**Q** 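After the structure tokens below, expect a handful of questions from me.
Each chain gets a letter, A, B and so on, in the order its sequence line appears, and its residues count up from 1. What you are looking at is a predicted structure, and each value in this text was computed from that prediction instead of being measured.
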Number of protein chains: 2
Amino acid sequence: MTNIRDLAREANVSVTTVSRVLNDHPYVANEKRQAVREAIEKLGYIRNQTAVHLSTGMTKTVGVMLPFVDHPYHAAILQGIAQAAFDASYRFLTWQTNYVETHEQLALDALAQQEIDALIVVSHSLPLSVILPYERHGPIVFCEHHEDVVAVYIDHYTAFQQGLAHLRQQGHTSIGICLGRPDSTNSLARKHAYQEVVCDEFVYEQTLTIEDGATVARRWMQQKQRPTAILTASDHVAAGLILELRKQGYQVPGDLSVIGFDGSELAEVLAMTTIAIPYATIGRHAFQLTIREDPIARPQIEVPSAFISGTTVLPHA
Amino acid sequence: MTNIRDLAREANVSVTTVSRVLNDHPYVANEKRQAVREAIEKLGYIRNQTAVHLSTGMTKTVGVMLPFVDHPYHAAILQGIAQAAFDASYRFLTWQTNYVETHEQLALDALAQQEIDALIVVSHSLPLSVILPYERHGPIVFCEHHEDVVAVYIDHYTAFQQGLAHLRQQGHTSIGICLGRPDSTNSLARKHAYQEVVCDEFVYEQTLTIEDGATVARRWMQQKQRPTAILTASDHVAAGLILELRKQGYQVPGDLSVIGFDGSELAEVLAMTTIAIPYATIGRHAFQLTIREDPIARPQIEVPSAFISGTTVLPHA
DNA sequence: TCTTGCCGTGAAACGCGTTTCATAGCCTAT
DNA sequence: ATAGGCTATGAAACGCGTTTCACGGCAAGA
């Protein structure tokens, strides 16, 4: 492999000058610049990026810690990160953690070991007390709300309030909710909004996928005391719920009103009442925050959710 | 930042010995090994990975070139890659290209510039004549079939034949197909299978998403001459098609039989007839092929598809 | 007793681009 | 005429871990 010293020799200049040409620095005479360019051409030189990384002390790479790359919600955030990173000529490394703490730790290690310049935590199970000390090695941005961290998030409390208010306006008093991981930050905020207005609790936990939604449907069908409406934590869960109910001969919204969450394509095609979240925007903001200039301040960005009226909610008699 | 020379000084050994301790090499006396460990502890040493990368000439990182990170089909492959890479202590960098050739080129550049050790091409639009020369910089593995390249793929020709044969057995003679990018390798294979058995062609192109499926439904409804069955190139397209038709009062499979493609959760909950593809397996194999020992041979792995009988196909009178 | 051979250790080279600092010529403002 | 500033250029240091090579010591096989 030819390196810049070979180029310098070939072009009769110093390595400094070669480096300047490579980086488009000014203060290089045109003849020398030309000579270096010819040497590059002649010797087929290709810049070694790992050397650049070592030399500059940065990798122009951010890490992304997320539980699953193939779940629609996370993939949508990833999409936003991918786009913003691309625009800024950054790369991103992904740690798919499955919420396993030792796997999450590897992403933190990578930050400490200077493999990445910054870390975006989409979702985590390690406590903040473990994660935050790593901020001394580089910016860490969260995609969910915590006090005193850099974060871009949506207000799940308010979003759920909106959904619940809508159902109550429609006369529903017996309302159920579907949550993901029961103790996640987001679930706690949702449960909080729920418990403020509801007496009889119908909480379905660990619902993440379409299949989980179908499972909720089966549980609902077997219940003696049933809610007349369910607010879910994802369109996929809602879709599984709706489709399974209909498959079994129930009416949605006739027998059960359902509200989704995400504002996905799936909600659109099912004409689902849902709460739209701009996930790609979250990803983009998160990336932007990693490369912000001020490393001291801890900005927080709240992105808005939007209630979308569809055909899966009916007034309750 | 403390480095191994600081450690060597602190522990009264040479940097070589420190390196050996760090890498668990034998031939280090226990006292010295212990002394180095204490120095690491005392000085809070953290290995600089970029230096390791430069020194060893490899990054333990593979690149993934794919059009979209948030499309179910690609995300599923990514999932397999993520898992296999994790198991092998590798990382992966993702280039989301949107099929833009200049973006694809950046992934190739990264391979040449030693940012990644190998590249997995999930899908591409650059011609092979541009891509293959980069094999001299590291292994390149494709997730679709081409002659004389390292590849892991499914036989779309045979898979489509299966679907078509099923429809014909059920008495359908007027059959339509949905394709993605019309000139992609996979689409060509599919079209090939289709044109071998069908006279009247109903080809719906550029279908990738649920929304695209709904669009196909609208087109189908407006057609005078309509197929009685449609074979799609993805479950999402099929789902959009089915749900839109039902929303408009048509019967599936009564008015139109539909076969999906992927074997996704969505197909399962819709009890869709589909062709299941083990995408995660493709991703895993692809990763394995990047770190294979023999860099000369060009192995190919064909992964099987599986016809899954559901409730979206009805015999034609 | 002599030769292998393994254990243990370190100096120095290596991978390679960036950046600091010093130097020098030349022009402009005072 | 002189100080100050800009253009140009290169030597050398820097970032930092790995690896090659050489060498001393000791034990086992010949």
**Q** Tell me which donor-acceptor pairs under 3.5 Å the side chains of residues 5-12 of chain A have, and how far apart each pair is, sequence neighbours excluded?
**A**
residue : atom : partner : partner atom : Å
D6(A)   : OD1  : R9(A)   : NH1          : 3.4
D6(A)   : OD2  : N3(A)   : N            : 3.0
E10(A)  : OE2  : K42(A)  : NZ           : 2.9

**Q** My understanding is that only residues two or more places apart in sequence, or in another chain, count here; which of them pass salt bridge (charged side-chain N to carboxylate O under 4.0 Å, His left out) with E38(A)?
**A** none
**Q** Just the atom pairs and distances: protein N or O near nucleotides 9-11 of chain C's N or O, under 3.5 Å.
**A**
residue : atom : partner : partner atom : Å
dT9(C)  : OP2  : A29(B)  : N            : 2.5
dG10(C) : OP1  : K32(B)  : NZ           : 3.4
dG10(C) : OP2  : S14(B)  : N            : 3.2
dG10(C) : OP2  : S14(B)  : OG           : 3.3
dG10(C) : OP2  : T17(B)  : OG1          : 2.7
dG10(C) : N7   : R20(B)  : NH2          : 3.0
dA11(C) : N6   : T16(B)  : OG1          : 2.7

**Q** Which sits closer to the 5' end of DNA chain D, S55(B) or R5(A), going by the nucleotide each is nearest to?
**A** R5(A)
**Q** For the rings on H74(B) and Y279(B), is their centre-to-centre separation under 6.0 Å?
**A** no
**Q** Mind checking R47(A) for me? I need base, sugar-phosphate or nothing, with any heavy atom below 4.0 Å counting as a touch.
**A** sugar-phosphate
**Q** Using ring pair (Phe, Tyr, Trp, His ring centres under 6.0 Å) as the criterion, list what pairs up with H25(B), not counting sequence neighbours.
**A** none
**Q** Do the numbers put R20(A) on top of the ring of Y27(A), so that NZ or CZ is under 6.0 Å from the six-membered ring centre and no more than 45° off the axis?
**A** no
**Q** What orientation do Y153(A) and H145(A) show, parallel under 30°, tilted 30 to 60°, or perpendicular over 60°?
**A** tilted
**Q** Report the residues that fulfil ring pair (Phe, Tyr, Trp, His ring centres under 6.0 Å) with F92(B), sequence neighbours left out, ordered by chain and then residue number.
**A** none
**Q** Quick one: pull up OG in S89(A) and NZ in K60(A) and give me the separation to the nearest 0.5 Å.
**A** 7.0 Å
**Q** Along DNA chain D, 5' to 3', what are the outermost nucleotides having an atom less than 4.0 Å from a heavy atom of chain B?
**A** dC16(D) to dT20(D)
